[in-house]
Amino acid sequence: MEKTKDPGFRETWRNFRRGLGLLRPYAPGLYGAMIALAVIQAATPYVTVFFSAQVLSELALRRRPEVLAGWAAATVAAEALLALLRAAAAHRRNARYSHFAFNRDRIYLDKLLTMDFEVMEKRETRDLYAQIQQNAQWAGLGLFQLPELFETLLRDAIGVLSAVALCAGLFLSRVPASAGALTALDGPLGLLGLAAGVLIPTILGPWLLGRALILSRGPTVSEEARLGNRIFGAFGFLFYDSFRALDVRMYEQQVIARKHMKERKTFSADGPLAALEATVSGPLSGLAEGLSAIATGAVYLYVCLKAWAGAFGVGPAAQYIGAATALTGNLRGLLDTYSQMRHSLLYVDLSFAFLDIPNAMYQGSLTTEKRADRQYDVEFRDVSFRYPGTDAWALRHVDLKFRVGKRLAVVGENGSGKTTFIKLLCRLYDPQEGQILLNGIDIRKYDLQDYMAIFSVVFQDFQLLSQPLGANVAGTADYDPVRAEKALTDAGFSDRLAELSEGLDTQLYRDFDGEGVLLSGGEAQKVAIARALYKNAPFIVLDEPTAALDPMAEAEIYSKFNDIAGDRTAVYISHRLSSCRFCDEILVFDHGRIVQRGTHDALLETEGKYRSLWHAQAQYYEERQ
């Protein structure tokens with residue numbers, strides 16, 4: 001959750017610097033480009049004020065043509081040079097910002113890719129990431145707001161310094177004694193009156209603006225906005241989702257969507273956010289703008305009175321009015337930006353919390369031995385595991401040693417521990433008890449990515465990309481087409497491949513190509529199996545790999561599975577016990593334990609879980625005939 005209390009000055013600056021530092025790798029050259037543009041933009045008004053003052057002074061006093069011509073030429077040259085520099089700096093800044101905007105989400109993606117799978121699956125992690133995205137979507141709040149605040153802050157700070165330099169003469173030029181009571185302008189009371197007329201409105205305005213931001217975009221409001229965003233995201237685009245089109249039409253789900261969209265008025269003209277803007281934050285923002293006019297009026301009054309009293313002429317008066325007015329504007333902008341920084345950092349803390357999530361899994365450093373003979377022995381030694389947040393054991397006291405190059409089937413009812421067994425094997429999780437060994441070494445001592453490279457897995461909920469067929473099989477844009485085609489043929493996709501006019505270059509799905517090919521569930525599953533075969537890892541793991549295939553296609557894959565697997569060690573998870581006949585050994589899981597193991601024929605001859613499951617399925621098919 002966001003903080004409900006504003007951060008102090010030190011915390012604000014500390015977190016601001018940290019946020020900019022975290023984004024620096026994703027924004028190469030951006031900060032330098034922003035600094036260059038800010039310097040030029042901040043200096044431009046004051047250059048104009050300075051040269052205009054010189055021209056006015058010459059016009060008001062001596063009116064020398066050659067001097068006026070010189071100042072006019074200098075003014076044009078300075079303005080032209082600044083315009084050229086400003087255009088170049090703006091182009092550079094915009095190009096760097098576009099690069100940043102395109103790449104900035106990688107800061108979260110990189111974290112997700114390096115995060116322990118166990119942590120990534122937690123509901124708290126997903127909810128935290130969702131809050132970050134929703135805050136950014138509804139009001140641009142959070143980490144990505146910081147570079148723009150940095151740019152604004154820098155521009156206003158440079159503007160304040162430039163204005164102070166140009167305003168120095170305002171206080172150094174003294175009112176002559178002949179001015180009588182106006183000499184008080186140079187005294188303590190005059191300076192105090194100027195300070196009060198300028199600083200009080202200038203400081204009070206940004207404070208009111210900060211209060212308006214807290215009221216209109218604070219934690220309470222953002223919670224309502226996030227809920228509104230979730231409802232809009234869930235129901236606002238329901239009718240565009242082709243995967244839901246059949247259910248929407250058959251069951252008139254649009255009625256449910258319309259009900260929620262009508263009742264949730266978060267962003268409507270008569271909704272809570274609009275009401276808050278109209279009654280509270282809007283008036284406060286208007287009052288803040290009005291106060292800035294008071295500060296400008298105080299500057300005009302003080303400069304005009306000193307000029308009237310004879311402290312300086314028309315030219316300097318124009319310079320001081322322009323510089324002092326810009327000073328109040330930049331000072332107010334500086335304070336406004338600081339208020340926005342404090343407000344934004346209430347939400348940046350969510351990003352810090354997400355990016356600071358630690359990895360608990362031990363990160364090994366050993367490399368797995370690259371064996372040409374694929375002689376990798378895997379052993380589960382008294383392994384027990386339970387998922388975070390539950391006391392129930394998903395696996396309990398599992399002992400198992402793989403026979404290299406053999407076919408192993410894992411069967412059991414839903415919730416018996418089959419998929420958990422695979423997740424532990426691939427080291428997506430670490431067991432709470434026991435060890436998993438690769439060639440006699442605890443797998444936690446191996447480099448995680450190096451260890452995972454020896455596995456090819458087809459998960460139940462596999463995903464294909466909207467990319468060419470060959471790239472999907474290989475997992476990369478550059479691949480061996482002969483090898484990719486062989487993998488597809490081995491997976492039973494050869495007939496469908498022959499029908500595709502562009503072969504391996506055929507675009508899958510239509511996210512990027514309106515002519516993309518839509519695969520059926522069974523076809524997509526064959527491509528997923530081909531992807532696992534293309535990787536050519538020593539272990540191939542198939543988690544319900546034929547669930548979407550028809551019986552003929554399933555029989556085709558099983559009939560040549562030994563040839564497909566080759567010298568790999570294959571682990572096969574299935575609910576269809578008839579598909580386990582080709583395996584060398586079958587493991588029967590029940591309530592997280594291995595209750596039986598053996599060949600298909602041996603297990604059928606023994607009273608136990610496998611036999612009861614087999615007869616239950618056989619009876620079902622007999623009844624359906």
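Everything numeric here is computed off the predicted structure, so don't read it as measured data.
- With Tyr509 as the fixed residue, the side-chain contact (heavy atoms from CB on, under 4.5 Å) test singles out one of Leu465, Leu518, Val517, Asn472: Leu518.
- The two atoms that bring Ala530 and Leu488 nearest to each other are CB-CD2, 3.7 Å, heavy atoms only.
- Put simply, CD on Glu413 and OG on Ser612 are 7.5 Å apart, with the number rounded to the nearest 0.5 Å.
- Looking at heavy atoms from C-beta onward, Leu30 lies out of side-chain contact with Leu23 at the 4.5 angstrom threshold.
- Judged by distance alone, with hydrogens and angles left aside, the side-chain atoms of Asp442 form no donor-acceptor pair with the main-chain N or O of Leu437 at under 3.5 Å.
- With hydrogens and angles ignored, the 3.5 Å screen pairs no side-chain donor or acceptor of Thr390 with any backbone N or O of Arg386.
- Taking OH of Tyr572 as the reference point, atom CG of Leu408 lies at 12.5 Å (rounded to 0.5 Å).
- Leu428 is listed as a side-chain neighbour of Met452, based on a closest heavy-atom distance under 4.5 Å.
- Of the candidates Asn103, Asp105, Asp110, Tyr26 forms a side-chain hydrogen bond (donor to acceptor under 3.5 Å, both in side chains) with just one, namely Asp110.
- A donor-acceptor pair is defined here as one N or O able to donate and one able to accept, closer than 3.5 Å; no such pair exists between the side chain of Arg381 and the backbone of Gly434.
- Taking the side chain as every heavy atom from C-beta outward, Leu603 and Trp614 never approach each other to under 4.5 Å.
- The 12-atom threshold is exceeded at CG of Asp127, counting heavy atoms of other residues, nucleotides or ligands nearer than 6.0 Å.
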Checklist entry - Can you list the steps and then say if Arg18 with Arg14 is a side-chain contact (heavy atoms from CB on, under 4.5 Å)? => result CA-CA 6 Å; Arg18 185 191 175 196; Arg14 182 174 64 250; 5.8 Å; no
Next on the checklist: The test is side-chain contact (heavy atoms from CB on, under 4.5 Å); show your working for Gln435 and Arg444 and say whether it passes.
Outcome noted: CA-CA 9 Å; Gln435 289 180 302; Arg444 286 173 286 200; 4.1 Å; yes
Item to check | Ile436 vs Arg427, side-chain contact (heavy atoms from CB on, under 4.5 Å): CA-CA, chis, key distance, verdict | outcome: CA-CA 9 Å; Ile436 304 174; Arg427 213 192 163 207; over 6 Å; no
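- Between Asp490 and Arg568 there is no salt bridge, since none of the side-chain N atoms of the basic residue sits less than 4.0 Å from a carboxylate O of the acidic one.
- Under the side-chain contact (heavy atoms from CB on, under 4.5 Å) test applied with Cys426, the options Tyr451, Phe455, Phe117 reduce to a single match, Phe455.
- Residues forming a side-chain hydrogen bond (donor to acceptor under 3.5 Å, both in side chains) with Gln363 (at least two apart in sequence, or on another chain): none.
- Side chain of Lys526 to main chain of Phe493: no donor-acceptor pair is present (N/O by atom type, distance under 3.5 Å, no hydrogens or angles).
- Going from atom CD1 of Ile422 over to atom CD1 of Ile573 covers 3.5 Å, rounded to the nearest 0.5 Å.
- Under a 3.5 Å cut-off, the side chain of Ser384 and the backbone N or O of Glu433 do not form any donor-acceptor pair.
- Between Tyr387 and Ala394, the shortest heavy-atom distance links the atoms CE1-CB, 3.7 Å.
- Within the model, atoms CD1 of Ile443 and CG of Asp430 stand 6.5 Å from one another, a figure rounded to the nearest 0.5 Å.
- Scanning both residues, Leu542 and Ile540, for their nearest heavy atoms gives CD2-CG1, 3.9 Å.
- Side-chain atoms of Asn15 do not come within 3.5 Å of backbone N or O of Asp349 as any donor-acceptor pair.
- Between Asp590 and Arg593, no side-chain nitrogen of the basic residue sits less than 4.0 Å from a carboxylate oxygen of the acidic one, so the salt-bridge criterion is not met.
- Side-chain contact between Phe462 and Gln525 is present, with heavy atoms from C-beta onward closer than 4.5 Å.
- Note that CG of Leu587 and CD1 of Ile594 are 5.0 Å apart. Values are rounded to the nearest 0.5 Å.
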Next on the checklist: Please evaluate residues Gln467 and Phe512 with respect to the criterion side-chain contact (heavy atoms from CB on, under 4.5 Å), reporting the C-alpha separation (whole Å), side-chain torsions for both, the decisive distance (0.1 Å), and the verdict.
Outcome noted: CA-CA 8 Å; Gln467 290 293 297; Phe512 305 108; 3.9 Å; yes
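- Every residue two or more places apart in sequence or in another chain was checked for a side-chain hydrogen bond (donor to acceptor under 3.5 Å, both in side chains) with Lys535, and none qualifies.
- Across every non-hydrogen atom of Thr114 and Asn359, the tightest pair is O-ND2, 2.9 Å.
- Heavy-atom neighbours of Arg126 CZ from other residues, nucleotides or ligands within 6.0 Å: above the threshold of 12.
- Here Phe380 and Phe421 bring their ring centres to under 6.0 angstrom of each other.
- Of the possible polar contacts, one joining the Tyr446 side chain to the Leu438 backbone as a donor-acceptor pair under 3.5 Å is found.
- Tyr108 contributes no side-chain N or O that, together with a main-chain N or O of Gln133, makes up a donor-acceptor pair within less than 3.5 Å.
- For the pair Leu355 and Lys111, the tightest heavy-atom approach, listed with the atom from each and the gap, is O-NZ, 3.3 Å.
- Lys445 places no side-chain N or O within 3.5 Å of a backbone atom of Leu366 that could act as its donor or acceptor partner.
- We find the CZ-CG distance between Arg106 and Leu113 to be 10.5 Å, quoted to the nearest 0.5 Å.
- Environment of NE2 in His99: crowded, with over 12 heavy atoms of neighbouring residues, nucleotides or ligands closer than 6.0 Å.
- Judged by distance alone, the side chain of Ser466 and the main-chain N or O of Leu508 form a donor-acceptor pair under 3.5 Å.
- In this structure the side chain of Phe354 reaches within 4.5 angstrom of the side chain of Met115, judged on heavy atoms.
- Residues Leu504 and Ala484 share a closest heavy-atom pair of CD1-CB, 4.2 Å.
- Under a 4.0 Å N-O distance rule, the pair Glu124/Lys122 does not qualify as a salt bridge.
- Taking the six-membered ring where the residue is Trp, Tyr610 and His600 present perpendicular rings, their angle passing 60° and hence far from 30°.
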